[in-house]
Each structure stands twice: as C-alpha cells, then as structure tokens.
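In what follows, a single structure is set out as structure tokens and then discussed.
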Amino acid sequence: MRLLFVAGGAPATIFALAPLATSARNAGHQVFMASTEEMAPYIAGVGLPAVSATPLTIRHFITTDRSGAPVEIPKDPVEEMLFTGRWFGRMAAASLDPLLELAQHWRPDIVVGGTMSYAAPLLAAHLKIPFVRQAWDATEATGIDPGANEELRPELAAVGLDRLPEPDLFVDICPPSLRPPGAGPAQMMRWVPGNRQALLEPWMYTRGERRRVCVTSGSRVARDQNFDFLRGLVESVAPLGVEVVVAAPPAVADALRPELGGIRAGWIPLDVLIHTCDLVVHHAGGVTGLTAMNAGVPQVLIPKGANFVAPSQRVSDFGAAVTLLAGEDGPDQVAAACREILSDGRYAERACALSREIATLPPPTDVVDALVALVP
C-alpha cells in the first residue's frame, strides 16, 4: 500500500509524523513524506523519502498573502488563531497542485496529514481516497480551522465542499487526561519521539553533579527569530546554580555560547537528553512538551502563540508544569517558576504520572493496522 504523509513547514511537524510513517514503512508499505522544500533535509534526516510540495518557505506564508501583499500577525488571541488557519491555508493552496502532479505518477492509497496540513484533506478529496488526520501534539485546532476554511474557499469549491472534510480517522497523541473538554472520538496512539539524531557525547546521556535544566525555543529559532526570547530564558535560569543545556540549531548555539558562558548548547537529540533533565523551560512547543511528558520531566511553559495557551494550562492544571502567560513571563517570574518546580517534588510526580499514561496507549505499529483497514 502507498501512504503519503503531509507535514507542515517546520521540523517539529515532521518529527511528530515520523514514528507512524516509519512504522508503516517498516511494515512493508511504500511511504513518502511531503513538506516545503527547505524541510527536505529534516525528512531525509528521520529516514523517510522526501517530496517537495512547494519551494516557498513557512515564513513566506506567514508574512505574505496570495497577492504578494505583506500581512501582520494580529494581537487579539482569537484573530491570531484565525490568522494561523489562513496562512496554513495558503501553504495548502500552494502545495495542492504539486501533490496532484505527484499523484499522477505515484498515487497514494491513503493521505495522512498533520493537525494543520490542510493540503492532505484537499488531495484526498480530489483522489477520492481515505484521509487520516494525525495530531502533531496536544494542541487542538478548533480555533484555527475556521481561518483555513475561509482561506481555502476556491480550493474547497473545486471539489464541491464549503468546508474542510472530517477525516476518516483521527489519530490523537495527546495523553487522555489532557484532552480538551468535549474532544471527539479518536484512535489513540502512544507518543514516540521522532526527532533528528546526532552523534552523542557522554554528557548528553549522563547526569552531572548539579541539577540539569534544558532550555529551548524549538527548531525554528534563528538569529532573527525568537533569539532574544531564548537568550532571555537562559539568562533567567543560569543564576539558579543549575547546569543549563540549550537545545538549539547550530547557528543559534554558536551565537549564544560567547554571550552566555558556562552553558552547553547545540543540536542535541532531545529524546536522549531529556532523561537526564530535572526541568525543561520552553516556548510551549507541542513536540518539546510531549517529549518532556513522555520522559516524566516537569516543565515551565511560556506559550508563544494563542493556540498554545489552553493546552499549556491543562498541563499546569494537571500539576506537571507552571505556565507563564504574556505579562507574567519576565526574568524574575521565570526564575521563580523554576525554583518552585525544582523545590517541590510533586511536579515531578505528576509528570511521571503523565509518562505512565502515555506508555499505556497503542504504539504506532498497532495504528498502522487501523490505517490499512480504511482501504477496501
């Protein structure tokens, strides 16, 4: 059987889909993964065949509308989520024709799209094949989908639809205790880290004398994007007398080291490092968050985006994290949140409870069978 996985335009969206895609490939199925052209090395890096759906970058779709005019991110949280749906919709619109061309030569039997990979349901509707939506993380898209429906009106009309179709199967990787109220039925799947690997050094998998805190702003951080935010987090944590490890792309790590002495920084396989950490401080990224939950490590969450606020609050309400919202995320507040978690063992206990819950869910190998069952 042929399965086409459609990721987003960022590495985390690839890492989230990689375990199921790899399991399908290991089961003997033909698997391709599509994303923006700049993401091809990340797809290849997790061992999957890569297809370019568009030469344009994620930043292009965020900052530019279909006419080429610049757009700005709204400050209102509700409007920001609709805006997110619109730019993901623009990415889908740009990706659709290349994916249809791919299907002329390599026709998939199933299309699996990430949470906001809206090209996946459009392609499935054109080809009249099953569409599976797999959650990228514990973040729901209920406030984002309407923006995509609005942006994609021409593409939806072309297949006789006025809104994006429901998937034939929804695969959810959110721990059941953290699913949002009223969440619909889903094929649950155990979260398995799928990030790109690197040559390990002993310090990455061994503990030192001091407690270790990992600080990260995800894989999309760059010198001109979220760099000051990441540096500020490190500056907040460093005075606590802990060992600080910064997980960041190489160029960002190279820039941080001279400015902030005494830290380890680089592209570090987070699924390895995480088991040596006592705390993770980050931007509330979904893949980072689930990697911490899977390992039973508590978190300080500073949501960078309106759609990350509610999921972060649910982790805090469960007792496995402290969430700092805009206006509450100054250096003193970040340091205080870290001290609270490191001094109160109940956070680690609740994080371990989430880890045990994740471990009870069906592994990706079992979910492959559910995908195969969709094809007559």
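Throughout, numbering of the chain's residues begins at 1 and tracks the sequence. Keep in mind it's a predicted model, so treat the numbers as computed, not measured. Scope of the values below: all heavy atoms of this structure, side chains included, with no hydrogens, waters or symmetry mates.
The side chain to side chain contact (heavy atoms under 4.5 Å, CB included) check on Ala359 picks up Arg190, with sequence neighbours excluded.
If you chain together hydrophobic residues whose side chains sit under 4.5 Å apart, Met204 and Leu279 never meet in one group. The hydrophobic cluster containing Leu374 also contains Leu123, counting ILVMFWY residues as joined when their side-chain heavy atoms lie under 4.5 angstrom apart, directly or transitively. By the criterion of side-chain heavy atoms lying less than 4.5 angstrom apart, applied directly or through intervening Ile, Leu, Val, Met, Phe, Trp or Tyr residues, Leu48 is grouped together with Leu102 in one hydrophobic cluster. Under a hydrophobic clustering in which Ile, Leu, Val, Met, Phe, Trp and Tyr are joined whenever their side-chain heavy atoms come within less than 4.5 Å, directly or via other members, Phe5 and Val192 fall into different clusters. Under the 4.5 Å side-chain heavy-atom criterion for ILVMFWY residues, no single connected hydrophobic cluster contains both Ile274 and Phe15.
Proximity of Met33 to Pro49: side-chain heavy atoms (C-beta onward) are nowhere separated by under 4.5 Å. Between Arg133 and Val171, the closest side-chain pair of non-hydrogen atoms is not below 4.5 Å. Annotation: side chain of Leu82 is not in contact with side chain of Glu150 (no heavy-atom distance under 4.5 Å). The side-chain heavy atoms of Leu20 and Leu371, taken from C-beta on, include a pair separated by under 4.5 Å. Residues Val215 and Val245 have side chains not in contact (no heavy-atom distance under 4.5 Å, counting atoms from C-beta outward). Between Thr36 and Thr57, the closest side-chain pair of non-hydrogen atoms is not below 4.5 Å. Within the 4.5 Å cutoff, side-chain heavy atoms of Ile58 are placed close to those of Trp87. Here the side chains of Val300 and Val280 are not in contact, with every heavy-atom distance at 4.5 Å or above.
The aromatic rings of Tyr42 and Trp267 sit tilted, their planes meeting at an angle between 30° and 60°. Ring pair Phe88/Tyr118 is perpendicular by interplanar angle, where above 60° counts as perpendicular and below 30° as parallel.
Exactly one residue among Ile129, Leu4, Val132 makes a side chain to side chain contact (heavy atoms under 4.5 Å, CB included) with Ile110. That residue is Val132. Remark: of the listed residues Thr54, Thr64, Val71, Val71 is the sole one forming a side chain to side chain contact (heavy atoms under 4.5 Å, CB included) with Arg90. The side chain to side chain contact (heavy atoms under 4.5 Å, CB included) test with Leu273 singles out one residue from Leu200, Ile268, Thr216, and that residue is Ile268.
Of the possible donor and acceptor atoms, one in the side chain of Ser35 sits under 3.5 Å from a partner among the backbone N and O of Gly8. In terms of modelled atom types and a separation under 3.5 Å, the side chain of Arg211 and the main chain of Asp278 share no donor-acceptor contact. Side-chain N or O atoms of Gln197 include one that pairs as donor or acceptor with a backbone N or O of Asn195 at under 3.5 Å.
Met91 CE to Leu96 CG: the interatomic distance, rounded to the nearest 0.5 Å, is 14.0 Å. Distance CZ/Phe61 to CG/Leu56: 4.5 Å, rounded to 0.5 Å. Once rounded to the nearest 0.5 Å, the distance linking CG of Asp76 with CE of Met81 reads 8.5 Å. We find the CG-CD distance between Asp109 and Gln30 to be 9.0 Å, quoted to the nearest 0.5 Å. The structure places CG of Leu354 at 13.0 Å from CD of Glu349, a figure rounded to the nearest 0.5 Å. The CG atom of Leu161 lies 8.0 Å from the CG atom of Leu122; values are rounded to the nearest 0.5 Å.
For residues 287-314, the pairs satisfying salt bridge (charged side-chain N to carboxylate O under 4.0 Å, His left out) are Glu140-Arg314, with sequence neighbours left out.
Comment: Glu357 does not engage Arg179 in a salt bridge, judged by the lack of any side-chain N to carboxylate O separation of less than 4.0 angstrom. Looking at Asp145 and Arg163, no side-chain N of the basic residue comes within less than 4.0 Å of a carboxylate O on the acidic one, giving no salt bridge.
Between the side chains of Thr323 and Ser312, not a single donor N or O lies within less than 3.5 Å of an accepting N or O.
Leu301 and Ala284 get closest at one heavy-atom pair: CD2-CA, 4.1 Å. Pro98 approaches Ala53 most closely through the heavy-atom pair CG-O, 3.1 Å. The two atoms that bring Val244 and Val237 nearest to each other are CG2-CG1, 3.9 Å, heavy atoms only. Between Val287 and Ala12 the shortest heavy-atom distance is CG2-O, 3.4 Å. The two residues Gly289 and His282 make their nearest non-hydrogen contact at N-CE1, 3.7 Å. Between Ala265 and Ala253 the shortest heavy-atom distance is C-CB, 3.6 Å.
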For side-chain contact (heavy atoms from CB on, under 4.5 Å), just list the numbers for Val367 and Ser23, CA-CA rounded to whole Å, side-chain angles, deciding distance to a tenth of an Å, and then say yes or no. CA-CA 9 Å; Val367 178; Ser23 294; over 6 Å; no

Please evaluate residues Asp228 and Arg231 with respect to the criterion side-chain contact (heavy atoms from CB on, under 4.5 Å), reporting the C-alpha separation (whole Å), side-chain torsions for both, the decisive distance (0.1 Å), and the verdict. CA-CA 5 Å; Asp228 291 340; Arg231 179 173 53 193; 2.5 Å; yes

Exercise for the section: Assess whether side-chain contact (heavy atoms from CB on, under 4.5 Å) is satisfied between Leu260 and Val246, documenting all intermediate values. Expected result: CA-CA 11 Å; Leu260 304 167; Val246 183; over 6 Å; no

TODO: Apply side chain to side chain donor-acceptor pair (under 3.5 Å) to the pair Arg212 and Thr276, showing each step before the final yes or no.
DONE: CA-CA 7 Å; Arg212 177 175 284 178; Thr276 70; 2.7 Å; yes

*Going through the checks in order, is the side-chain contact (heavy atoms from CB on, under 4.5 Å) test met by Thr288 and His283?*
CA-CA 9 Å; Thr288 302; His283 60 309; 4.0 Å; yes

Show me the donor-acceptor pairs, under 3.5 Å and distance only, between side chains in residues 324-345 and residues at least two apart or in other chains.
from, atom 1, to, atom 2, distance (Å)
Glu328, OE1, Leu325, N, 3.1
Asp329, OD1, Gly327, N, 3.4
Gln333, OE1, Gly330, N, 3.3
Glu340, OE2, Tyr347, OH, 2.3
Ser343, OG, Arg339, O, 2.8
Ser343, OG, Glu340, O, 3.2
Asp344, OD1, Arg346, N, 3.0
Asp344, OD1, Arg346, NE, 3.0
Asp344, OD2, Arg346, NE, 3.3
Asp344, OD2, Arg346, NH2, 2.8

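More than 12 non-hydrogen atoms from other residues, nucleotides or ligands lie less than 6.0 angstrom from CD of Glu259. Dense packing is recorded around CG of Leu100, with more than 12 heavy atoms of other residues, nucleotides or ligands lying under 6.0 Å away.
Because its NZ or CZ atom is both nearer than 6.0 Å to the ring centre of Phe318 and within 45° of the ring axis, Arg350 counts as a cation-pi partner of that residue.
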